[in-house]
Amino acid sequence: MIKAAVMGYGTIGSGVAEVLEQNKDVIKQRAGQEIALKYVLDLREFPDSPVADKIIHDFKVIEEDEEIRIVVETMGGLNPAYSFVKSCLLAGKHVVTSNKALVAAHGTELLAIARQRHVNFLFEASVGGGIPIIRPLYRCLGGEQIEEITGILNGTTNYILTKMDKEGESFENALREAQNLGYAERNPEADVEGYDTCRKIAILTAMAVGKEVNFENIYTEGITKITDIDFKYAEKMGTSVKLFGTSRIRKGRVSAYVAPVMIGKDHPLYSVSDVFNGILVKGNMLGPAMFYGSGAGKLPTASAVVADMIEAAQNPDSHVPMGWTDEKQTIEPIETARFRFFVRIAGSYRNKEEDVKNFFGNVDVYELYGLDEFAVLTGEMAEGDFRRAAASFDAKEQAKSDFGIKQTIRAVL
Ligand code: HSE
């Protein structure tokens, strides 16, 4: 039998206790021994919960109990998660976490400590909720040079965009529903501004290249400026808008971004809807592979945590090589990335295509009935070139009131 502790009895922590209990037999069989939950650390009491007799409030109890070999961190945030996790690793305990903020900010240091102490720091649940993606990257795809990872990596924003697209729901209502369903971060900004996706694509990129990726160097744009009108155009164009986290890796150069992207029905991620996440991985030998499933929520995420606990239980005295070193990976500036651009332009023009063409080259034009605006889709161009063209277009239009660019969405079509 191996003893474990859970730090943080929120949505995921309580899910871990539930999975450990409900799937006890199969977990024992796979881990080669029983995984017994000894403590649950939380500031609160849970008198009516199944773990009422395991609740403790003092971290030292876990740190100093040599019987505890696996510690699960499901508190979220950086403080005190970082200092608790570091202390556990230094004390020679395996740590399993679902905390992407922690892994993105301190993963390099925590992985190094795990290596030195011959324990494991595992974080399958930090990306894609219940979808296996971290372990496939270091095990099943171990023989690949990864060339691209593109993911719908945030369940909350995918839920919101799906509701806006399919049901015409307002942004605010859809966000409230996602919060009620337990998908959203404590601070919804982390979801809707793309910060959560940014940390996840940083982790996946670091796994793919084996070097540290500073998430602050990844261009990040959220979904707050996407409107119902954008979805009306998208419907007419046979497209949809999804929040992508993307990383392209070629000969050691990495181009990465987080942004809402317009995609067509033939894109492998088009039908990833609601809270589901989808991750497209391209390997140089394999070609494309898709990972799809529940990207957020109590039991799916808890299931990924428990799988890591099993990995730790199977390797109680050894470090399983995975992760990245402290060598830094440079991220190319977003200006060099190439997209098509969907652009909504306010005002009436006599010859739309000609007026716009002088700035953006050949475009497709789209109109919606009853609106004093139109939209164009440019050909593929570098983001830097597009920005310069958009700035001079707007400068020319400034003289006329209510004219100019109202909206821009990158398109992969
Ligand atoms: N808030 C996150 C999401 C939780 O919506 O995907 C899972 O990381």
Side-chain angles (χ1 to χ4, degrees), residues 8 10-16 19 72-78 81 96-105 107 122-135 149-164 169 171-207 215 218 220-224 226 241-246 258-260 269 272-279 291-308:
T11 307
I12 312 304
S14 58
V16 171
V19 173
V72 170
E73 185 276 306
T74 45
M75 291 184 286
L78 295 182
V96 173
T97 184
S98 59
N99 186 340
K100 55 255 153 172
L102 175 71
V103 179
L122 300 167
F123 42 87
E124 180 61 67
S126 67
V127 182
I131 307 172
I133 183 64
I134 300 289
R135 194 162 294 106
I149 303 176
T150 291
I152 293 174
L153 297 169
N154 182 269
T156 301
T157 45
N158 205 35
Y159 185 85
I160 293 171
L161 292 173
T162 304
K163 290 280 164 190
M164 288 174 77
E169 185 97 75
F171 180 91
E172 291 74 20
N173 278 349
L175 172 60
R176 211 167 304 123
E177 282 172 29
Q179 286 172 314
N180 291 341
L181 290 165
Y183 304 149
E185 296 300 303
R186 252 176 293 176
N187 175 3
E189 260 202 347
D191 294 302
V192 299
E193 297 295 355
Y195 307 149
D196 180 77
T197 298
C198 172
R199 279 145 182 86
K200 290 170 175 168
I201 194 67
I203 294 169
L204 294 182
T205 307
M207 289 297 303
F215 64 86
I218 297 178
T220 299
E221 189 180 305
I223 63 162
T224 49
I226 303 298
V241 180
K242 305 281 189 189
L243 183 67
F244 271 10
T246 290
V258 173
L269 294 169
V272 177
S273 299
D274 294 311
V275 71
F276 288 99
N277 282 193
I279 306 159
F291 298 81
Y292 170 84
S294 295
K298 177 174 170 169
L299 294 176
T301 310
S303 167
V305 170
V306 170
D308 276 349

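Whatever order the structure lists ligands and atoms in, that order sets their numbers, starting from 1. Keep in mind that what you see is a predicted model, and the values were worked out from it rather than measured. Only heavy atoms go into these numbers, but all of them, side chains included; no hydrogens, no water, no symmetry mates. Numbering starts at 1 and runs along the sequence shown.
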If you compare A190, G155, G297, G130 by their heavy atoms, the one closest to atom 6 (O) of ligand 1 turns out to be G155
Between R176 and E169, does any side-chain N to carboxylate O distance fall below 4.0 Å? no
Exactly one candidate in D196, L243, L204 meets side chain to side chain contact (heavy atoms under 4.5 Å, CB included) with L153; the answer is L204
Numbered in order shown, the ligand 1 atoms found under 4.0 Å of a heavy atom of A296 are 3 (C), 4 (C), 6 (O), 7 (C)
Practice item. Take the angle between the ring planes of Y183 and Y159 and call it parallel below 30°, perpendicular above 60°, tilted in between. Key: perpendicular
If you scan protein heavy atoms around atom 2 (C) of ligand 1, the nearest is E185 OE2, 3.1 Å
D308 side chain to E124 main-chain N or O, any donor-acceptor pair under 3.5 Å? yes
*Are side-chain heavy atoms of K200 and S126 found at a separation under 4.5 Å?*
no
Taking every heavy atom of G222 against every heavy atom of P260, the minimum-distance pair comes out as O-CG, 3.3 Å
Contact region, T156 to ligand 1, non-hydrogen atoms below 4.0 Å, reads both
One finds that the ligand 1 atoms under 4.0 Å from a non-hydrogen atom of N154 are 1 (N), 2 (C), 3 (C), 5 (O), 6 (O)
In ligand 1, the atoms that come under 4.0 Å of a heavy atom of D191 are 1 (N), 2 (C), 3 (C), 5 (O)
G295 near ligand 1 by a heavy-atom separation under 4.0 Å:
yes
